[in-house]
Structure formats: C-alpha cells, structure tokens
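I have placed the structure first, in the form of structure tokens, so that the comments after it can refer back to it.
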Amino acid sequence: MTRPCGATPVPPPPRVNPRYLRIYAAIAAIPPGRVASYGQIAARAGLPGRARLVGTALRDTPDGVGLPWFRVVHADGTIALPRGSRGFREQARRLRAEGVAVRNGRVAMPAFGLDHDLDRALWGLG
DNA sequence: ACATTGACTCGCG
DNA sequence: GCGCGAGCCAATG
C-alpha cells in the first residue's frame, strides 16, 4: 500500500554507499555459522587485494541493514574490533549464538587459514 | 589539492 | 609468536 501523502508509517530504509553494494552482497552470502575474512570478501566482491575497503565499508554501514557483519573477521580468525569494546562483545556473542566458538578474541576453529580453501568451503566454488 | 587514517593482508626477520 | 614495512584506496580534515 503506497500512500499519497508524506508521512510513512514505516521507518525509512537506511541509505548505503552504492559503491559498496558488491561488498555487502558478498557479506550477505556468508552462511550462518561460518565466517569469512576481509580479504576473502573483497575477492568475492570482485575487488581482490582491497581488504581494507571491506573494513571501510563495514564501518560506514549504518545499523538497521540486515547485514551479517559479525561473520567477517581477520584473515587469522581474530575479531577486528578492539578487545572489550561493545562491538567486540556483540560480535563474539552473535558468533557464539550461531555455534561459532570464539576463544581469546579469535574464532577457535577456522578449519582453514587460506582464503583459497575458504572460498571452496564457504560457497563450493572453484 | 595534499596529508592522514584505517573493522586489512602478506612477506620478512 | 611479534614487530615492521609495503601495498591497498575511500573517507576525512
């Protein structure tokens, strides 16, 4: 139901930088219970070598977008956010809620380590 | 327009 | 395991 007048009963959708759409899509594709590194997300988004851009995109992402940002960790499995920060605790909590073991600020059982293998493990791609 | 910053990563020692 | 430097590039001042 569209309405002719200005006031909308639903909250306005958060606006995102269209430049990051590919990155968001790659993050959204991470299955629950799994994690992916910044570099892997970048590669999956068609931006190989631009891991930092993924970090920038995530930082600039407004809350309210249903993005599984917490499934993105460093290449070595550590959580990127500062230890003890609110975001850090939130990420660890959400990961554990999905069955991902977090030990000492890092994903306990990456079962990978190489982005190459991770890609296959996550999406079954070659 | 220039300089700095940063939710990154990899190679080296 | 840790630190350093280089490459990365949009955002920010």
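All values below come from the heavy atoms of this structure, side chains included, with hydrogens, waters and symmetry mates left out. By convention in this document, chain letters (A, B, ...) are assigned in the order of the sequence lines, proteins followed by strands, and residues within each chain are numbered from 1.
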Length of the line joining A:Leu67:CG and B:dA7:P, which is rounded to integer Å: 17 Å

Rounded distance in Å - CZ (A:Arg94) to P (B:dA7): 19 Å

Heavy-atom donor-acceptor pair, A:Gln40 side chain to A:Val35 backbone, under 3.5 Å: no

Contact under 4.0 Å: A:Tyr20 side-chain N or O vs C:dC9 OP1/OP2: no

Minimum heavy-atom distance A:Pro82-A:Phe88, with the two atoms named: O-CB, 3.2 Å

Residue closer to the 5' end of DNA chain C, A:Arg52 versus A:Asp60 (nearest nucleotide): A:Arg52

Under 4.0 angstrom between A:Arg50 side-chain N/O and B:dT9 OP1 or OP2: no

Between B:dC8 (P) and A:Leu47 (CG): distance, integer Å: 16 Å

Sugar-phosphate only, base, or nothing, as touched by A:Phe70 at under 4.0 Å among non-hydrogen atoms: nothing

Rounded distance (Å) that lies between atom C1' of B:dG6 and atom CG of A:Leu81: 12 Å

Residue whose closest nucleotide on DNA chain C lies nearer the 5' end, A:Arg59 versus A:Gly49: A:Gly49

For atom CD1 of A:Ile79 and atom P of B:dC8, their distance in whole Å: 13 Å

Check: A:Thr61/A:Tyr24 side-chain N/O donor and acceptor closer than 3.5 Å: yes

Sugar-phosphate only, base, or nothing, as touched by A:Leu53 at under 4.0 Å among non-hydrogen atoms: sugar-phosphate

d(CD1, A:Ile23; P, B:dG6) in whole Å: 19 Å

Listed nucleotide nearest any side-chain atom of A:Ser37, set B:dT9, C:dA11, B:dA7: B:dT9

Options B:dA7, C:dA11, B:dC8, nucleotide nearest the side-chain atoms of A:Gln91: B:dA7

d(CZ, A:Arg22; C1', C:dC9) in whole Å: 18 Å

Candidate pair A:Trp69 and A:Ile27, rule side chain to side chain contact (heavy atoms under 4.5 Å, CB included), full reasoning: CA-CA 7 Å; A:Trp69 56 271; A:Ile27 295 175; 5.5 Å; no

Side chain to side chain, A:Phe70 and A:Ile79, heavy atoms closer than 4.5 Å: no

Separation of B:dC8 C1' from A:Ile41 CD1 (nearest whole Å): 13 Å

